[in-house]
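Beneath this line is the structure, given in structure tokens, with notes to follow.
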Amino acid sequence: QKEVEQNSGPLSVPEGAIASLNCTYSDRGSQSFFWYRQYSGKSPELIMFIYSNGDKEDGRFTAQLNKASQYVSLLIRDSQPSDSATYLCAPYNFNKFYFGSGTKLNVKP
Amino acid sequence: DAGVIQSPRHEVTEMGQEVTLRCKPISGHNSLFWYRQTMMRGLELLIYFNNNVPIDDSGMPEDRFSAKMPNASFSTLKIQPSEPRDSAVYFCASSLLAGGDEQFFGPGTRLTVL
């Protein structure tokens, strides 16, 4: 079993819609959860992170965490073509850094 | 700030040759990470330094790989001898704090081993 599971996609949504990206993880000790965005041919960059169960909002982005279910998600509201990228889920547990393989998102104009 | 600097940006070499990748982290950052990214395996952590000391090198695939951080502003990842399966994009990243903190990635080095 992989430490981090993400649907590779591509996930296609129309412009203006909500994109929902999901991630499950196996390390129950994971303390914090990071979402990185990676444009094709570029390096990953942080979108947001979450530590506590529940929702955390940052502009058009909302991260949701359910530690009991070992599940974390990222919602992107009012999706824009510029959001088209691969989104990497990255749980962290005391010097253990994991990255999922990412979900490729396509936002169609 | 210039961000994380990596060199070279592209490297093409022949099997059996030694390859050295270089990284300059963001000034003041205490942690440095080396990653390898391929289509098949995604982004894999190779080694993690904190205050120039290797903390976890369990991701280093085999003895052909070695990494050093002689000071706070420089790190190298060496592959000797290189093999075609080492072809990948190698990223260096740094973070201000140890542990779970935002990592800032360099532009990567695309390595091709023929």
Side-chain angles (χ1 to χ4, degrees), chain A residues 1-10 21 23-52 56 58 61 63 65 67 72 74 85-105, chain B residues 1-7 9-10 21 23-26 29-51 53-60 88-112:
Chain A
Q1 181 186 5
K2 290 184 179 179
E3 289 88 359
V4 186
E5 297 274 4
Q6 292 183 260
N7 188 324
S8 61
L21 307 168
C23 170
T24 58
Y25 59 93
S26 62
D27 187 345
R28 284 196 168 273
S30 295
Q31 304 152 4
S32 51
F33 305 84
F34 297 80
W35 281 100
Y36 286 81
R37 176 177 63 198
Q38 186 174 24
Y39 292 113
S40 180
K42 302 296 185 182
S43 54
E45 57 182 349
L46 183 70
I47 296 295
M48 66 184 301
F49 60 88
I50 186 168
Y51 296 115
S52 304
K56 179 182 178 182
D58 184 358
F61 299 92
L65 174 61
K67 290 185 178 180
V72 59
L74 180 69
T86 297
Y87 290 80
L88 306 172
C89 170
Y92 165 76
N93 177 18
F94 190 64
N95 287 338
K96 292 296 183 185
F97 302 87
Y98 309 106
F99 275 85
S101 295
T103 297
K104 185 176 176 64
L105 173 66
Chain B
D1 198 323
V4 176
I5 299 172
Q6 291 187 247
S7 65
R9 295 292 306 276
H10 302 274
L21 310 181
C23 174
K24 176 178 170 56
I26 293 172
H29 280 195
N30 295 311
S31 296
L32 183 139
F33 309 82
W34 282 102
Y35 290 93
R36 176 173 68 177
Q37 188 173 41
T38 62
M39 289 292 292
M40 289 295 295
R41 301 175 66 89
L43 193 64
E44 302 174 279
L45 177 65
L46 301 177
I47 187 168
Y48 155 47
F49 292 88
N50 186 43
N51 291 325
V53 176
I55 302 300
D56 183 0
D57 65 354
S58 59
M60 296 286 264
V89 178
Y90 290 80
F91 288 106
C92 176
S94 69
S95 66
L96 180 61
L97 302 174
D101 190 19
E102 177 181 5
Q103 296 183 32
F104 294 83
F105 284 77
T109 295
R110 181 172 295 277
L111 173 65
T112 302

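Letters A, B, ... are given to chains in the order of the sequence lines, protein chains preceding strands, and every chain is numbered from 1. Computation of the quantities below employed the complete heavy-atom set of this structure, encompassing side-chain atoms and omitting hydrogens, waters and symmetry-equivalent molecules.
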request  = Can you tell which part of B:Leu45 gets under 4.5 Å to a heavy atom of chain A, answering side chain, backbone, both or neither?
outcome  = side chain
key: Part of A:Phe94 within contact of chain B (heavy atom distance under 4.5 Å)   = neither
remark   = Bottom line for A:Tyr51: the part with an atom under 4.5 Å from chain B's heavy atoms is side chain
key: Partner residues of B:Arg41 under the salt bridge (charged side-chain N to carboxylate O under 4.0 Å, His left out) criterion, sequence neighbours left out   = B:Glu44
message = Let's go through A:Tyr98 and A:Tyr25 carefully: what are the C-alpha distance in whole Å and the side-chain angles of both, what is the deciding distance for ring pair (Phe, Tyr, Trp, His ring centres under 6.0 Å) to 0.1 Å, and is it a yes or a no?
response = CA-CA 9 Å; A:Tyr98 309 106; A:Tyr25 59 93; 9.1 Å; no
query = At a heavy-atom separation under 4.5 Å, does A:Gln38 approach chain B through its side chain, its backbone, both, or neither?
reply = side chain
task = Flag this pair as yes if the NZ/CZ of A:Lys56 is under 6.0 angstrom from the six-membered ring centre of A:Phe49 and inside a 45 degree cone about the axis; otherwise no.
result = yes
query = Regarding B:Gln103 and B:Tyr35, is there a side-chain donor-to-acceptor distance under 3.5 Å anywhere?
reply = yes
request  = Could you verify whether a donor N or O on one side chain and an acceptor N or O on the other, from B:Ser31 and B:Asn50, lie under 3.5 Å apart?
outcome  = yes
query = Is chain B contacted by the side chain of A:Tyr92, its backbone, both, or neither, given a heavy-atom distance below 4.5 Å?
reply = side chain
request  = Side chain from CB out, backbone as N, CA, C, O: work out which of these in A:Phe33 comes under 4.5 Å of a heavy atom of chain B, or both, or neither.
outcome  = neither
